[in-house]
Enquirer: 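What follows is a structure written as structure tokens; I'll ask about it next.
Below, chains carry the letters A, B, ... as their sequence lines are ordered, and counting in each starts from 1.
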Amino acid sequence: MASTAAVPFWRSAGMTYISYSNICANIVRNCLKEPHKSDALAREKVHFTVTKWSEGKPEKPSKIPALNPHMIGFYVFHVMYSIAHSPRSGGCFLRR
Amino acid sequence: MIIVPATTGQMGVLPGHVPTIAELKPGVMTVHEGTDVSKYFVSSGFAFIHANSVADVIAVEAVPVDHLDSNLVQKGLAEFTQKLGSASTDLEKAEAQIGVDVYSAMNSALTG
């Protein structure tokens, strides 16, 4: 029996959940009153370090300055990224 | 008790609730502690209700409703409604629709 689960409109348009969630979060952040807005915009920055691998060995990592996450195309094999300091998020570190 | 804006509708959670994972849509989460009521706007996320009556609400942004600026919300809603009308590609339509959904939810949170 084929699955008949309805697909959300953003997924059928080719967007992933994480892009959707980040777009929603950006919209909310831009609608805040000051001083909360400047605090939130500081939280939006994501710092990336990109390490290209060739022949099983990592090359020198290159630092990409703070960028908007949903504009990156993930073309490198290993990307380390850390969410900008925020006492609430407690610093989340992901390595893929 | 909390009321969370699940994609399937407003969901009330009391101690003893069946373990559930619910995807949230942009909307208001109401927290009732005794007679105190606090409202937070969540941008999207998930609510996990565990068997031991602990509930976790995970959201990228969760702000008290009075931190929202209603002028910015109205402007944004008008802007994205217009974008939705003029969008051509699927992706543009999706982004415009997301904007309309989020701004409308913030609007109802502020006026409701």
Side-chain angles (χ1 to χ4, degrees), chain A residues 3-48 66-75 81-94, chain B residues 5-8 21 23-29 40-46 57-81 83-84 87-110:
Chain A
S3 162
T4 51
V7 168
F9 66 88
W10 40 267
R11 194 173 286 283
S12 49
M15 206 185 279
T16 60
Y17 180 81
I18 195 144
S19 307
Y20 164 72
S21 188
N22 283 333
I23 292 172
C24 292
N26 286 338
I27 292 173
V28 174
R29 273 189 280 254
N30 285 319
C31 286
L32 293 171
K33 295 176 183 161
E34 291 296 348
H36 312 289
K37 189 170 184 177
S38 3
D39 296 340
L41 290 176
R43 201 162 51 232
E44 187 181 319
K45 287 204 171 70
V46 179
H47 299 278
F48 277 79
L67 281 168
N68 209 322
H70 61 266
M71 282 159 62
I72 308 284
F74 289 116
Y75 58 90
Y81 64 91
S82 63
I83 311 280
H85 314 294
S86 157
R88 270 200 260 163
S89 78
C92 169
F93 195 86
L94 264 161
Chain B
T7 48
T8 50
I21 299 175
E23 184 190 340
L24 303 179
K25 63 180 181 214
V28 177
M29 172 179 74
Y40 299 90
F41 188 86
V42 301
S43 64
S44 65
F46 291 89
V57 178
I58 320 283
V60 179
E61 287 292 334
V63 297
V65 172
D66 39 355
H67 285 200
L68 294 172
D69 184 332
S70 58
N71 288 327
L72 292 172
V73 172
Q74 302 281 12
K75 272 204 308 191
L77 183 54
E79 184 191 333
F80 274 83
T81 315
K83 272 191 199 172
L84 187 57
S88 46
T89 66
D90 269 348
L91 192 58
E92 275 175 30
K93 282 190 202 142
E95 286 176 355
Q97 184 65 57
I98 294 170
V100 169
D101 287 346
V102 181
Y103 281 109
S104 318
M106 285 195 281
N107 208 16
S108 348
L110 288 167

Enquirer: Between N71(B) and chain A, with a heavy-atom cut-off of 4.5 Å, which part of the residue counts as in contact: side chain, backbone, both or neither?
Expert: neither

Enquirer: Would you mind checking which part of V102(B) comes under 4.5 Å of any heavy atom in chain A, side chain (CB onward), backbone (N, CA, C, O), both or neither?
Expert: side chain

Enquirer: List for me each residue that meets side chain to side chain contact (heavy atoms under 4.5 Å, CB included) alongside D66(B), sequence neighbours excluded, and say none if there are none.
Expert: P64(B)

Enquirer: Evaluate the side-chain proximity of V63(B) to H36(A): yes if any heavy-atom separation is below 4.5 Å, no if none is.
Expert: no

Enquirer: Tell me which of these, L68(B), T89(B), V60(B), has more heavy-atom pairs under 4.5 Å with chain A than the rest.
Expert: L68(B)

Enquirer: Under the side chain to side chain contact (heavy atoms under 4.5 Å, CB included) test, which residues partner Y20(A), sequence neighbours left out?
Expert: W10(A), M15(A), Y17(A), C24(A), P26(B), S44(B), I98(B)

Enquirer: With a 4.5 Å cut-off on heavy-atom pairs, point out which of K75(B), E23(B), H67(B), K93(B) contacts chain A the most.
Expert: H67(B)

Enquirer: Does any non-hydrogen side-chain atom of I27(A) lie less than 4.5 Å from one of M106(B)?
Expert: yes

